[in-house]
Amino acid sequence: MGNVDSTAPLQLVFDVRTNPGDVYTITVPESIANGTGVYTIGDSDPISASTGIVTSTTDDANHTKTFTYRFDSVASVAVNINFTLHNNYNAQPTPIEGIGTSIKSITWTYAGQQLDPVDFTQVIMPVMNPQAVTRVLPSSSTYKAIYANQDYAYQFSVGETDGIDGSADYATGQVNSAVNYGTTIRVPVPRYFTLDESATAARNGFSDETTITQPGGASSDIVITVPKGSGRQYWQNAEPYYFVGQFKTTPPLAGEKLVANGPAVVTQTIVDPQGQERTLTARAPAWTEYLRSGDGLVPCPSGSSECLVLSINGNNKGEKTANNLLLDPARKVPR
């Protein structure tokens with residue numbers, strides 16, 4: 001159960017022929033320590049007062065829940081212990097203890113004697129699907145090319161699930177803190193790109209220990225460092241990572257396509273149920289950008305809104321850098 005193909009609900013069925021004085025206990029392990037995990041153990045179906053009584057206790061130290069059934073009569077009893085299954089949306093610890101495949105054992109006793117346990121497999125396996133860096137201010141879908149020596153904003157999405165279920169739903173734009181035991185992301189940049197680290201930090205507004213730097217300066221890799229437990233989960237409305245910067249170079253005589261020299265690489269450490277560190281790696285397509293020529297006379301394509309610039313200030317991600325991230329309308333002439 002967990003990150004597997006089946007989405008069937010989970011129930012534990014206790015089916016027994018009883019005699020007066022019979023006592024059974026069933027002990028069920030929690031999905032993970034100190035958190036939600038794949039499932040939450042619910043209640044047992046009740047039994048009739050004339051048949052007996054069922055009680056439950058939770059052992060926080062051992063992360064188990066025990067159901068005790070005491071019978072007062074001869075009866076045939078079939079009851080369910082019910083579970084609530086979770087998906088990639090739910091809040092989880094930062095990070096989860098025990099990512100990967102683990103065997104869960106349900107133990108039970110009769111008259112104090114231990115009976116054969118019932119085992120099942122739980123899988124928690126995060127999945128990353130990082131996307132290529134895209135320009136968001138101004139959007140690359142509206143402005144196909146940009147000017148050198150002007151600031152622009154870009155985004156990079158990791159697209160990571162916490163692996164609680166097997167779907168791609170509720171993937172986070174940032175590293176998912178539920179599974180992060182330490183992540184480094186290296187993003188090669190197109191030639192000339194220079195990151196404005198202070199504007200980038202302001203744009204992202206991190207409340208954890210995440211940093212975004214360009215240690216080698218212009219044209220060198222951007223490095224996103226996300227220490228253990230940092231990042232965001234889907235329920236926290238995690239946005240992608242944002243980069244603010246410019247292509248510092250003499251404007252080309254003709255339009256120029258710039259492509260980074262390799263893919264963005266996400267390298268993440270997770271810890272399995274046996275306490276061993278494992279490494280997850282994912283790659284995104286290389287960052288591509290287009291520079292305009294520097295002649296100062298850039299035609300407006302027919303039917304395009306590219307010669308009309310609209311600046312909207314307010315409570316939005318564009319507000320922090322809106323004044324220097326829009327193309328200069330003075331450099332446009334009608335075709």
How far does [atom1] of [X] sit from [atom2] of [Y], to the nearest 0.5 angstrom?
X      : Y      : atom1 : atom2 : value
Leu115 : Thr25  : CG    : OG1   : 8.5 Å
Leu137 : Asp151 : CG    : CG    : 10.5 Å
Asp162 : Asn88  : CG    : CG    : 4.5 Å
Tyr39  : Leu85  : OH    : CG    : 10.0 Å
Asp169 : Ile164 : CG    : CD1   : 13.5 Å
Ile212 : Thr200 : CD1   : OG1   : 6.5 Å

Could you see if [X] belongs to whatever hydrophobic cluster contains [Y]? Use Ile, Leu, Val, Met, Phe, Trp, Tyr and a side-chain cutoff under 4.5 Å.
X      : Y      : answer
Ile26  : Phe120 : yes
Val118 : Val16  : yes
Ile224 : Val265 : no

Where at least one partner belongs to residues 13-24, residue pairs that pass side chain to side chain donor-acceptor pair (under 3.5 Å), sequence neighbours excluded: Arg17-Ser76, Asp22-Tyr110

4.5 Å side-chain heavy-atom contact, [X] and [Y]:
X      : Y      : answer
Leu280 : Val266 : no
Val158 : Thr172 : no
Thr57  : Thr55  : no
Ile146 : Arg135 : yes

Pair Arg191 + Glu256: basic N to acidic O under 4.0 Å: yes

Counterpart residues, side-chain hydrogen bond (donor to acceptor under 3.5 Å, both in side chains), relative to [X] (two or more places apart):
X      : answer
Ser140 : none
Arg283 : none
Asp59  : Asn62

Are [X] and [Y] linked by a side-chain donor-acceptor pair shorter than 3.5 Å?
X      : Y      : result
Gln122 : Ser31  : yes
Thr40  : Thr84  : no
Asp196 : Thr194 : no
Glu160 : Gln268 : yes
Ser139 : Ser141 : yes

Test side chain to side chain contact (heavy atoms under 4.5 Å, CB included) applied to Ile47 and Phe71, step by step: CA-CA 9 Å; Ile47 56 178; Phe71 296 102; 3.9 Å; yes

Counting the benzene-type ring for Trp, do [X] and [Y] have ring centres under 6.0 Å apart?
X      : Y      : answer
Phe156 : Trp287 : no
Tyr143 : Tyr152 : no
Tyr170 : Tyr89  : yes

ring-ring contact (aromatic ring centres under 6.0 Å, His included), paired with Tyr154, selected from Tyr242, Phe193, Tyr241: Phe193

For [X], is the [atom1] atom crowded, meaning more than 12 foreign heavy atoms sit under 6.0 Å from it?
X      : atom1 : value
Gln274 : CD    : yes
Gln114 : CD    : yes
Asp119 : CG    : yes

Residues forming a salt bridge (Lys or Arg N to Asp or Glu O under 4.0 Å) with Asp43, sequence neighbours excluded: Lys65

When the side chains of residues 227-236 are checked against the rest of the protein, which donor-acceptor pairs come out under 3.5 Å, sequence neighbours left out?
| unit_1 | atom_1 | unit_2 | atom_2 | d |
| --- | --- | --- | --- | --- |
| Ser230 | OG | Glu209 | N | 3.3 |
| Arg232 | NH2 | Gln236 | O | 3.0 |
| Gln233 | OE1 | Gln92 | N | 2.9 |
| Gln233 | OE1 | Trp235 | NE1 | 3.1 |
| Gln233 | NE2 | Gln92 | O | 2.9 |
| Gln233 | NE2 | Ser177 | OG | 3.3 |
| Gln236 | OE1 | Gln233 | N | 2.7 |

